[in-house]
Amino acid sequence: MLDNNYVTFEIGKAKHIALVAHDGKKKELVEWCDKNKDILKSHFLCGTGTTARLIAEKTGLPVKGYNSGPLGGDQQIGAKIVEGQIDFMIFLWDPLAAQPHDPDVKALLRIAVVYDIPIANNLATADFMLHSEYMNGTYSRRVENFNKTIQERVEQMK
């Protein structure tokens with residue numbers, strides 16, 4: 001649905017969930033996915049490199065794997081968000097360890113906010129999201145109408 005300033009997107013009943021974790025957090029995410037596999041099996045799962053593979057091997061859940069974060073996986077997930085192919089993300093990043101791809105991490109988090117994608121950055125938030133009433137139904141999210149914004153900027157620059 002399109003209004004003047006926003007575009008509304010519907011998140012369907014089956015969610016497209018991105019699973020991402022830095023090295024120091026991979027074990028936590030894998031264990032969380034194993035604990036919640038009965039819920040997660042009803043959704044489309046994707047993730048970055050090693051994380052996706054570890055989750056798939058431990059849980060038996062199908063997880064579409066992208067590149068490792070430092071090799072472009074964070075950017076691949078970001079592109080899928082822009083394309084409307086990811087509904088929410090669980091990204092356990094390590095706040096105490098510098099990452100070689102910190103700019104990519106920041107860009108991924110920024111793009112998720114720009115496109116109004118729910119993000120869990122810790123297990124408590126992931127639990128709240130997974131056990132939310134919205135997991136069993138649809139949800140409408142509003143995103144700024146960037147086509148309008150771009151057109152207005154073009155007009156101002158003429």
Side-chain angles (χ1 to χ4, degrees), residues 1-23 25-26 29 32-33 36 39-56 61-95 98-123 125-126 128-130 132-158:
M1 176 179 210
L2 180 66
D3 76 20
N4 202 20
N5 295 313
Y6 294 94
V7 179
T8 302
F9 294 97
E10 184 173 287
I11 296 174
K13 187 172 181 174
K15 310 297 186 267
H16 289 72
I17 303 169
L19 303 165
V20 183
H22 286 156
D23 287 350
K25 300 289 185 174
K26 288 186 190 322
L29 185 56
W32 181 87
C33 288
N36 291 289
I39 296 170
L40 293 172
K41 70 182 178 186
S42 300
H43 304 282
F44 172 81
L45 306 175
C46 65
T48 51
T50 309
T51 304
R53 187 169 184 173
L54 289 169
I55 292 168
L61 294 167
V63 184
K64 165 114 174 98
Y66 294 107
N67 288 347
S68 176
L71 300 176
D74 296 333
Q75 293 178 353
Q76 287 178 295
I77 298 287
K80 296 298 178 187
I81 290 170
V82 171
E83 294 168 358
Q85 296 179 28
I86 292 178
D87 299 319
F88 77 81
M89 176 170 56
I90 298 169
F91 185 173
L92 301 185
W93 58 277
D94 190 342
Q99 302 293 326
H101 61 297
D102 275 341
D104 298 336
V105 170
K106 185 175 181 182
L108 175 56
L109 294 172
R110 184 187 64 77
I111 209 72
V113 170
V114 167
Y115 284 90
D116 199 27
I117 298 296
I119 311 164
N121 291 126
N122 57 49
L123 294 180
T125 307
F128 272 78
M129 286 172 50
L130 197 67
S132 163
E133 66 182 80
Y134 297 115
M135 283 302 293
N136 297 319
T138 61
Y139 179 81
S140 295
R141 60 188 177 87
R142 288 178 15 152
V143 176
E144 182 179 335
N145 182 350
F146 294 112
N147 289 332
K148 180 181 179 203
T149 304
I150 291 168
Q151 185 59 40
E152 288 171 355
R153 289 178 63 197
V154 167
E155 293 302 321
Q156 289 173 358
M157 292 181 184
K158 285 185 180 178

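Here the structure is a predicted model, which means the values were calculated and not measured.
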Rounded to the nearest 0.5 Å, how far apart are [atom1] of [X] and [atom2] of [Y]?
X: Asp23; Y: Ser68; atom1: CG; atom2: OG; result: 7.5 Å
X: Ile39; Y: Lys15; atom1: CD1; atom2: NZ; result: 12.0 Å
X: Leu19; Y: Phe88; atom1: CG; atom2: CZ; result: 8.5 Å
X: Lys25; Y: Thr51; atom1: NZ; atom2: OG1; result: 13.0 Å
X: Leu130; Y: Leu123; atom1: CG; atom2: CG; result: 11.5 Å
X: Ile117; Y: Ile81; atom1: CD1; atom2: CD1; result: 5.5 Å

Over all atoms of both residues, closest heavy-atom pair of [X] and [Y]:
X: Ser140; Y: Thr8; answer: CB-CG2, 3.7 Å
X: Ile55; Y: Cys33; answer: CD1-SG, 3.8 Å
X: Leu109; Y: Met89; answer: CD2-CE, 4.5 Å
X: Ile111; Y: Gly78; answer: CG2-CA, 3.8 Å
X: Ser42; Y: Ala14; answer: O-CB, 3.9 Å

Partner residues of [X] under the salt bridge (Lys or Arg N to Asp or Glu O under 4.0 Å) criterion, sequence neighbours left out:
X: Lys41; result: Asp38
X: Arg141; result: none
X: Lys80; result: Glu83

[X] side-chain N/O to [Y] backbone N/O, donor-acceptor pair under 3.5 Å:
X: Thr48; Y: Gly69; result: no
X: Asp87; Y: His16; result: yes
X: Glu10; Y: Thr138; result: no

With Phe91, which of Asn122, Leu108, Ile77 fulfils side-chain contact (heavy atoms from CB on, under 4.5 Å)?
->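 Checked Asn122, Leu108, Ile77 against Phe91; only one passes side-chain contact (heavy atoms from CB on, under 4.5 Å): Leu108.
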Answer yes or no: is there a side-chain heavy-atom contact under 4.5 Å between [X] and [Y]?
X: Leu29; Y: Lys26; result: no
X: Gln85; Y: Phe44; result: no
X: Leu40; Y: Trp32; result: yes

Identify, with sequence neighbours excluded, every residue that meets side chain to side chain contact (heavy atoms under 4.5 Å, CB included) alongside [X].
X: Glu155; result: Gln151, Lys158
X: Ala120; result: Ile90, Thr125, Ala126, Met129
X: Ser132; result: Tyr134

I would like to know whether Asn145 and Val7 meet side-chain contact (heavy atoms from CB on, under 4.5 Å); could you show each step before the answer?
-> CA-CA 5 Å; Asn145 182 350; Val7 179; 4.2 Å; yes
